[in-house]
Amino acid sequence: MASAYFGVKGALYSFNGLAMLPYYKGKGVSGTDYQLYSSIARAPFSMKALFGAVSDAVPFFGYHKASYIVFSSILGSLAYVVLGSFWVSASTAALLFFAIGVELAVVDLLCEGKYAELMREKPETGAALVTWVWLTYHVGSFVAALLTGPIADSSYGIQTVFWICLPLAAQVSIPVALGYLKDVRRKQGDRGVRWGKLRQHPKIFMLSMGMAAGAFGQALVNLFFRPFPMVLLAYSVSASCVLIVAAFWAMPITLAKANLFLFLDAVVYIQIGGALEYWFTASHDCVPSGPAFDYTYYSTYTRVVGSIAAMAGVALFQHVMGEWRMRKIFVTTTILRSLAGLFDIIMVERVNIAIGISDKWMYMLGDAIIYEVAYMLNFMPVVVLISKLCPKDMESTTYAVLAGFSNFGQQVASTLGIVFITGYGIKSEVTTKCSATGATGCTLNVTAIDESGNVCPALDCFEIPCKWDNLSVIIFLTHILIPLAIVPLSFVLIPDAACTDDMSSGLFGDPVTTSGGLELTEVRGRDDQEVDEDAKEKAKEEDATQSFKDTEHLL
């Protein structure tokens, strides 16, 4: 547990996320390309339902969990070796970060059953176990935040972080190889595909495959068609429509409507990190009189304060909104999250400077504290709604599918953000252009060969500055106005129930047990014996309390 929660989900995940901004900026990548590459790295989290289904149905070297974790650990470790050792193109780096994302998603998913088993075996330690998991996760994240910013600003360079990540990525295979996961190895003649599991709910399995294909396809489109934002948009819209229709075909209507709401809730908060993160950290050559935050402040100080604010948001939700009705919660928290976007507009328009508040204090108050509290207040009801809609003994499957749709919604929101950034003419880097040849990439004050291979006289090379004229308009549209569109949909798509109500009764009939990735129901046929044996083998992992699952998925 310490290996997974401190090493992987806490430290490794945070190191990975915090390192991408300085890494890609160091390569001279534009803000829009950075946003696309970051979306590619997150794609594996939209594929978790398929990972769970495959691991349950296909024993890898005789194991349903251990071998997959070891393989993903090797994959992530090799990616860090390449990132730390060699100069690679931005596109190649995106593929390596995708491989690291596979490890993060697989370890996160396949370790869940172990915690449930411990809860069942020693129920009296439940509260202590949950507290320990939270503490371990936050300590790992805290350590990553403390190190990443100063290293990025130092002479050692951001690649040093990847060498720190290497042992964290590799170490998770050690306790698994030593048998601490207690994943029983199947006998030599019993290692075939468990077709009985796949036949129980083929629609759910097909939906998992479709969602994984959609997420992977989005990653590929982002990689190969990044200069064409309308192609990205066309794929996002098409894939979203297909997956939404498939969800209504595969799920009960109540669950499908809630799934659509959670997907749209992620989509309408359009991501523009490629513009905002670059604006906050750009030099004065790009943003005259701008904040010009260094990474020690931007990635370390504000991250630590933001974590504390997020925990305060959790406590505030529990004490104030814990017994509210779901629709009221979503309406209130959506409005609060939208209002938090005003702080970014205040900074971009330099209003804070005009009234005597420094950029660091304004960012700490607005983005690190108020926004984090508002974000957690908006995120908590999502977790509650998913948990309440998960039928008994089917929590893992339902969680994986709904969370996968929400993650895919974030991929779509990132693509929409690219359309807004490019459409409004945001330019996040200083470039050069040769007036004689019309090509970019010439050298100022030097007669040299430009990027097109033509000789550009020194006097014909001029500088094209950054352009941020419409950034406030984009923030208003993507973080304040458009997110409010989800408010009326909350009265149509989610149940009119309180947080304490049971929303899951009868959604899927009467399932008897679940097996981590695919739920099991009573069936007849030649695979009956296989299903029964697997159900017994996995049952103790799935009998853990629902409250623990709610807390685990918050992490």
Side-chain angles (χ1 to χ4, degrees), residues 16-46 79 82-83 86-101 152 157-159 161-162 215-236 270-283 285-287 295 298-299 410-433 439-441 450-452 463-471 474-475 478:
N16 205 55
L18 293 172
M20 277 193 276
L21 176 62
Y23 180 73
Y24 281 121
K25 285 193 72 176
K27 287 183 172 294
V29 170
S30 68
T32 52
D33 284 351
Y34 159 70
Q35 182 161 320
L36 285 173
Y37 292 144
S38 299
S39 177
I40 292 171
R42 293 192 298 268
F45 288 90
S46 301
V82 176
L83 286 170
F86 306 102
W87 186 97
V88 296
S89 68
S91 297
T92 301
L95 294 177
L96 294 171
F97 281 119
F98 177 89
I100 293 165
I158 194 62
Q159 284 183 292
V161 171
F162 300 139
F216 186 69
Q218 182 73 73
L220 292 178
V221 170
N222 287 354
L223 186 63
F224 294 110
F225 294 92
R226 55 188 177 82
F228 310 102
M230 296 313 296
V231 174
L232 306 180
L233 180 62
Y235 179 87
S236 294
I270 298 172
Q271 299 181 17
I272 54 171
L276 272 180
E277 291 187 51
Y278 270 50
W279 189 86
F280 284 126
T281 58
S283 67
D285 291 338
C286 184
V287 184
Y295 294 114
Y298 191 73
S299 299
Q410 293 178 26
Q411 282 187 270
V412 176
S414 182
T415 301
L416 291 173
I418 298 299
V419 174
F420 273 88
I421 293 171
T422 56
Y424 277 91
I426 298 296
K427 184 173 178 292
S428 60
E429 65 285 337
V430 177
T431 57
T432 56
K433 186 174 182 178
T440 59
D450 60 28
E451 290 181 349
S452 298
E463 193 173 74
I464 304 175
C466 300
K467 185 178 180 182
W468 306 98
D469 295 347
N470 294 313
L471 183 56
I474 297 176
I475 296 171
T478 60

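Since this is a predicted model, take the numbers as computed values, not measurements.
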With no hydrogens and no angle check, do the side chains of [X] and [Y] hold a donor and an acceptor under 3.5 Å apart?
| X | Y | result |
| --- | --- | --- |
| Ser89 | Ser91 | no |
| Tyr34 | Glu277 | yes |
| Ser39 | Gln218 | no |

Heavy-atom closest contact (Gly425 atom, Lys467 atom, distance):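 Looking at all heavy atoms of both residues, the shortest contact is O-CD, 3.4 Å.
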What closest approach, in Å, do Gly217 and Tyr235 show between heavy atoms, and which atom pair accounts for it?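 So the two residues come closest at CA-OH, 3.2 Å.
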Supply the atom-to-atom distance [X] [atom1] to [Y] [atom2], rounded to the nearest 0.5 angstrom.
| X | Y | atom1 | atom2 | value |
| --- | --- | --- | --- | --- |
| Ser428 | Ile421 | OG | CD1 | 8.0 Å |
| Ile40 | Leu95 | CD1 | CG | 7.0 Å |
| Ile158 | Ser299 | CD1 | OG | 8.0 Å |
| Ile418 | Ile270 | CD1 | CD1 | 11.5 Å |
| Asn470 | Phe420 | CG | CZ | 12.0 Å |
| Tyr37 | Asn222 | OH | CG | 10.0 Å |

Would you call [X] and [Y] a side-chain contact if the rule is heavy atoms closer than 4.5 Å?
| X | Y | result |
| --- | --- | --- |
| Leu276 | Ile475 | yes |
| Val82 | Thr92 | no |
| Tyr278 | Val287 | no |
| Tyr424 | Leu471 | no |

Plane angle bin for Phe97 and Tyr23 - parallel if under 30°, tilted between 30 and 60°, otherwise perpendicular: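 Perpendicular.
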Testing Glu429, Lys433, Lys427 one by one against Thr431 for a side-chain hydrogen bond (donor to acceptor under 3.5 Å, both in side chains), which residue passes?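 Single pass found, and it is Lys427.
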Output yes when a side-chain donor or acceptor of Ser46 lies under 3.5 Å from a complementary backbone atom of Arg42, and no otherwise.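 Side chain of Ser46 to backbone of Arg42, a donor-acceptor pair under 3.5 Å: no, none is there.
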Between Gln271 and Ser414 (side chain of the first, backbone of the second, donor and acceptor by atom type, cut-off under 3.5 Å), is there such a pair?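 Side chain of Gln271 to backbone of Ser414: no pair is present.
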Mind running side-chain contact (heavy atoms from CB on, under 4.5 Å) on Trp279 and Cys286 for me, showing each step along the way? CA-CA 8 Å; Trp279 189 86; Cys286 184; over 6 Å; no
Run the numbers on Leu232 and Val419 for side-chain contact (heavy atoms from CB on, under 4.5 Å), then give the verdict. CA-CA 9 Å; Leu232 306 180; Val419 174; 5.9 Å; no
Pick out which of Ile272, Ile474, Thr32 makes a side-chain contact (heavy atoms from CB on, under 4.5 Å) with Ile426.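 The passing option is Ile474.
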How would you list all residue pairs meeting salt bridge (charged side-chain N to carboxylate O under 4.0 Å, His left out) that involve residues 23-39, not counting sequence neighbours?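 Applying salt bridge (charged side-chain N to carboxylate O under 4.0 Å, His left out) to every pair that reaches into residues 23-39, excluding sequence neighbours, yields Asp33-Arg226.
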Looking only at the aromatic ring of each residue, does the gap between the centers of Phe216 and Phe98 stay below 6.0 angstrom?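 They qualify: ring centres under 6.0 Å apart.
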